[in-house]
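Single-structure report; data block below.
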Amino acid sequence: MAVRSRVPGLAGEIAAEFAGTMILILFGVGVVAQVAAAGIGDHDSIAWAWGIGVTLGVYVAARISGAHLNPAVTVALAVFRDHPWRKVAPYVLAQTAGAFVAALLVRWNYSEVLAKADPGHTIKTQGVFSTLPGNGELPVTMWGGLRDQVIGTAILLFVILALTDVRNRPPLANLTPVVIGLLVVAIGMAWGTDAGYAINPARDFGPRLASFLTGYGTAWRDQYGDLYFWVPIVGPLVGGVLGAGLYKVLIHRFLPGDEESAAATVPEKTEHQPA
């Protein structure tokens with residue numbers, strides 16, 4: 001008896017986005033908790049764990065939903081008609097829910113360590129869950145953080161589209177998630193100073209809400225007392241569309257068509273190759 005393959009519907013895609021984003025945040029927020037509260041690790045371990053978390057999250061969800069794991073990705077693809085608008089809200093809600101649940105698990109698991117490092121659950125360890133301008137220490141304002149998020153997410157989307165465009169010779173052998181993870185590592189190492197490289201509204205808002213509900217009363221504000229939660233939402237959404245648009249204008253429209261791309265990937269036969 002033949003087994004019929006099942007094409008996942010919207011429910012499956014939502015489940016995949018939830019699970020993939022949850023895996024991402026379990027590694028990302030988990031490593032920050034370990035470094036900030038326990039003093040184990042450093043900036044580089046944070047950057048690498050976030051990148052590996054992205055890679056693993058993409059592998060979890062890619063076959064079913066495309067593994068956006070980020071509202072900035074979902075919205076940018078919808079703007080350029082690479083994703084249906086009717087799926088935007090369900091995807092974004094699933095991504096945010098996955099980030100929220102993962103952050104709650106990290107908060108629970110590290111509750112003793114966080115309580116010892118910061119008994120009042122203040123701005124000192126707030127950055128475990130959500131981002132701050134200048135990482136809460138350097139002289140960067142809210143507007144500097146917004147600028148940073150626009151630029152950082154534009155870089156993210158520009159390169160993601162380059163890596164996933166079938167006309168642009170993307171990585172083969174299912175290595176695209178690995179390279180996307182390395183992209184996030186690179187952004188963390190090069191663009192992590194001004195705003196903690198959220199570059200993902202779900203990554204920031206979900207854990208921020210989780211921290212607020214579990215004792216972090218200052219979760220919505222930065223170290224200056226300004227309402228900051230909107231910056232890692234608006235900045236990435238704007239930057240994502242900007243980066244995707246730049247890719248379409250600067251690269252995609254100049255790529256050869258599908259037939260030319262296919263021909264270019266077939267090596268010319270040499271005298272040592274069988275006929």
Side-chain angles (χ1 to χ4, degrees), residues 19-36 38-62 66-73 76 95 98-99 102-103 106 127-138 140 145 147-165 168-204 206-207 232 235-236 239-240 242-244 246-247:
T21 309
M22 183 172 66
I23 293 297
L24 160 62
I25 299 302
L26 284 173
F27 284 97
V29 173
V31 71
V32 181
Q34 182 166 270
V35 172
I40 301 173
D42 55 20
H43 173 270
D44 286 355
S45 62
I46 291 174
W48 278 107
W50 273 109
I52 293 169
V54 167
T55 295
L56 298 177
V58 172
Y59 273 125
V60 164
H68 297 183
L69 315 185
N70 183 342
V73 173
Q95 293 155 1
V106 173
V128 167
F129 301 96
S130 53
T131 58
L132 292 162
N135 292 311
E137 298 177 353
L138 298 172
V140 179
R147 174 196 64 217
D148 174 90
Q149 287 300 285
V150 171
I151 297 172
T153 314
I155 295 170
L156 177 71
L157 263 294
F158 188 100
V159 180
I160 282 178
L161 291 191
L163 293 172
T164 56
D165 191 339
N168 196 31
R169 294 190 180 180
L172 301 178
N174 201 22
L175 287 176
T176 299
V178 175
V179 184
I180 291 175
L182 291 174
L183 167 62
V184 173
V185 173
I187 291 174
M189 290 183 171
W191 291 86
T193 296
D194 283 359
Y197 70 107
I199 56 176
N200 181 336
R203 169 266 174 273
D204 195 87
L242 177 62
L246 286 172
Y247 176 78

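Below, each value reflects all heavy atoms present in this structure, side chains not excepted, and no hydrogens, waters or symmetry copies.
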- Set of residues satisfying ring-ring contact (aromatic ring centres under 6.0 Å, His included) with respect to Tyr247, sequence neighbours excluded: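 Once residues adjacent in sequence are excluded, the partners of Tyr247 under the ring-ring contact (aromatic ring centres under 6.0 Å, His included) criterion are Phe158.
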
If you take all heavy atoms of [X] and [Y], which pair is closest and at what distance?
X	Y	value
Val106	Ala33	CG1-CB, 4.0 Å
Leu157	Ala244	CB-N, 4.0 Å
Gly152	Ile187	O-CD1, 4.1 Å
Met189	His43	CA-CE1, 3.8 Å
Thr176	Pro171	OG1-O, 3.5 Å
Ser45	Val31	O-CG2, 3.7 Å

Fill in: N/O donor-acceptor pair under 3.5 Å between Ser130 side chain and Asp204 backbone
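Answer holds: no.
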
**Q.** Pairs flagged by salt bridge (Lys or Arg N to Asp or Glu O under 4.0 Å) wherever residues 38-58 is involved - sequence neighbours left out
**A.**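 Listed once each, the pairs would be none.
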
Step-by-step side chain to side chain contact (heavy atoms under 4.5 Å, CB included) determination, Val184 to Trp48
CA-CA 8 Å; Val184 173; Trp48 278 107; over 6 Å; no

When rounded to the nearest 0.5 angstrom, what distance separates [atom1] in [X] from [atom2] in [Y]?
X	Y	atom1	atom2	answer
Asn168	Leu161	CG	CG	10.0 Å
Leu175	Ile180	CG	CD1	11.0 Å
Thr164	Ile160	OG1	CD1	7.5 Å

Output all residues satisfying side chain to side chain contact (heavy atoms under 4.5 Å, CB included) with Phe27, sequence neighbours left out; order by chain, then residue number.
->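 Phe27 satisfies side chain to side chain contact (heavy atoms under 4.5 Å, CB included) with Ile23, Leu56 only.
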
| request: For Val32, enumerate each residue passing the side chain to side chain contact (heavy atoms under 4.5 Å, CB included) test, keeping only those at least two apart in sequence or located in another chain. | output: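 In terms of side chain to side chain contact (heavy atoms under 4.5 Å, CB included), with neighbours along the sequence ignored, Val32 is linked to Ile46, Trp50, Val128.
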
Positive for side-chain contact (heavy atoms from CB on, under 4.5 Å) with Leu24, one of Thr55, Val54, Ile52, Val29: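 Testing Leu24 for a side-chain contact (heavy atoms from CB on, under 4.5 Å) against Thr55, Val54, Ile52, Val29 leaves exactly one candidate, Val54.
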
Less than 3.5 Å apart, which donor and acceptor atoms pair up between the side chains of residues 193-203 and the rest of the protein, not counting sequence neighbours?
from: Asp194; atom 1: OD2; to: Arg147; atom 2: NH2; distance (Å): 3.2
from: Asn200; atom 1: OD1; to: Ala202; atom 2: N; distance (Å): 3.0
from: Asn200; atom 1: OD1; to: Arg203; atom 2: N; distance (Å): 3.1
from: Asn200; atom 1: ND2; to: Leu69; atom 2: O; distance (Å): 2.9
from: Arg203; atom 1: NH1; to: Phe129; atom 2: O; distance (Å): 3.1

Discussion item. Could you check whether any side-chain heavy atom of Pro170 comes within less than 4.5 Å of a side-chain heavy atom of Leu163, counting everything from C-beta outward?
Written reply: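 Pro170 vs Leu163: side chains apart.
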
Criterion side chain to side chain contact (heavy atoms under 4.5 Å, CB included) on Val140 and Asn135, from CA distance to verdict:
CA-CA 9 Å; Val140 179; Asn135 292 311; over 6 Å; no

- Query: For residues 148-162, which residue pairs qualify under side-chain hydrogen bond (donor to acceptor under 3.5 Å, both in side chains), counting only residues two or more places apart or in two chains?
  - Reply: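 Residue pairs passing side-chain hydrogen bond (donor to acceptor under 3.5 Å, both in side chains), neighbours aside: none found.
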
